[in-house]
Amino acid sequence: MINYEICRNFTHILITDGIDLDSNITPLCGEIRRVAKTSTVRNLSYALAEMGKKVLVVDFDPQYNLTTSFGVLPTQAPYNTGTLITNLLLDESLPDTNEFIQKIGSVDLIPSSRSLTVAEANLLMTPDSNDYLAALLSPLRLSYDYIIVDTNPSLGSLTINALTAADEVIIPIDPELFALTGLQALVDTIKKIKRKLNPSIEIGGILFTKCNKRTNLYGCHLGSH
């Protein structure tokens, strides 16, 4: 599993390589489960905060693992990504940000809950429903250096919303055969999003999270990127 020190080094590489992430919305996406995506979001957010950056993390997965990893239970949060997206779908006003953003030490969090599953179903039944997350996050851009979104491990309406809102996407990957198949599907989806919905989206990087450097597959995949 990816650890905090690796994430800290990764943030250093992103910044010193000249990638301007200020005020960027950056989802971490992966079509394969168990690639340490949620752990990466959590560790990356704290590593950036340690560097003096103001960071908001958004749990956009109905399984709400990121939320619980920060020590927040869905029952403790009056608002979450599910209820907020539902408000937007119903054309209802959003609560004040201090009511739905949880402050967890040096990092801010918009939590998730199972209610996001209901919101996802409503998104599927709503025409032109790809920009609801963008509508939620756009007013927050000026308040943060980084907005990092933890997506669910599928290419459904929630992930499409995350990619439509994104400036760039980081793809965590376990360099093994089935993950590589999922990677190609995700890259193809990002290309379609860029062509049809979000011309500004870029792939910020592919991040190896579970690596066995002794395998041929790791060496071949590292060499191809």
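These numbers come from a predicted model, not from an experiment.
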Between atom [atom1] of [X] and atom [atom2] of [Y], what is the distance when rounded to the nearest 0.5 Å?
{"X": "Asn122", "Y": "Leu88", "atom1": "CG", "atom2": "CG", "answer": "12.0 Å"}
{"X": "Leu73", "Y": "Thr68", "atom1": "CG", "atom2": "OG1", "answer": "8.0 Å"}
{"X": "Leu90", "Y": "Ile85", "atom1": "CG", "atom2": "CD1", "answer": "11.5 Å"}

Quick one: does Ser112's side chain have a donor or acceptor within less than 3.5 Å of a partner on Asp61's backbone?
-> yes
Without placing hydrogens or testing angles, list every side-chain donor-acceptor pair under 3.5 Å for residues 97-109, not counting sequence neighbours.
residue	atom	partner	partner atom	Å
Glu99	OE2	Asp96	N	3.4
Lys103	NZ	Asp108	OD2	3.3
Asp108	OD2	Tyr144	OH	2.6

Less than 6.0 Å separating the ring centroids of Tyr64 and Phe70?
-> no
State plainly whether one hydrophobic cluster holds both Val118 and Tyr79, where clusters connect Ile, Leu, Val, Met, Phe, Trp and Tyr through side-chain heavy atoms under 4.5 angstrom apart.
-> no
Under the salt bridge (Lys or Arg N to Asp or Glu O under 4.0 Å) test, which residues partner Asp150, sequence neighbours left out?
-> Lys37
Close side-chain approach of Met51 and Asp145, heavy atoms under 4.5 Å | no
Asp59: side-chain hydrogen bond (donor to acceptor under 3.5 Å, both in side chains) partners, not counting sequence neighbours = Thr67
When the side chains of residues 128-140 are checked against the rest of the protein, which donor-acceptor pairs come out under 3.5 Å, sequence neighbours left out?
residue	atom	partner	partner atom	Å
Ser129	OG	Leu123	O	2.7
Ser129	OG	Thr126	O	3.0
Ser138	OG	Ala134	O	2.7

Report, one line per pair, each donor and acceptor closer than 3.5 Å where one atom sits in a side chain of residues 185-201; sequence neighbours left out.
residue	atom	partner	partner atom	Å
Asp188	OD1	Gln184	NE2	2.9
Thr189	OG1	Ala185	O	3.0
Lys194	NZ	Pro199	O	2.8
Lys194	NZ	Ile201	O	3.0
Lys194	NZ	Glu202	OE2	3.0
Asn198	OD1	Ser200	N	3.3
Asn198	OD1	Ser200	OG	2.8
Asn198	ND2	Leu163	O	2.9
Asn198	ND2	Thr164	O	3.1
Asn198	ND2	Ala166	O	2.7

Give a yes-or-no answer on whether the side chains of Asn65 and Thr38 include a donor-acceptor pair shorter than 3.5 Å.
-> no
Check the side chains of Asn152 and Thr159 for a donor-acceptor pair under 3.5 angstrom, ignoring hydrogens and angles.
-> yes
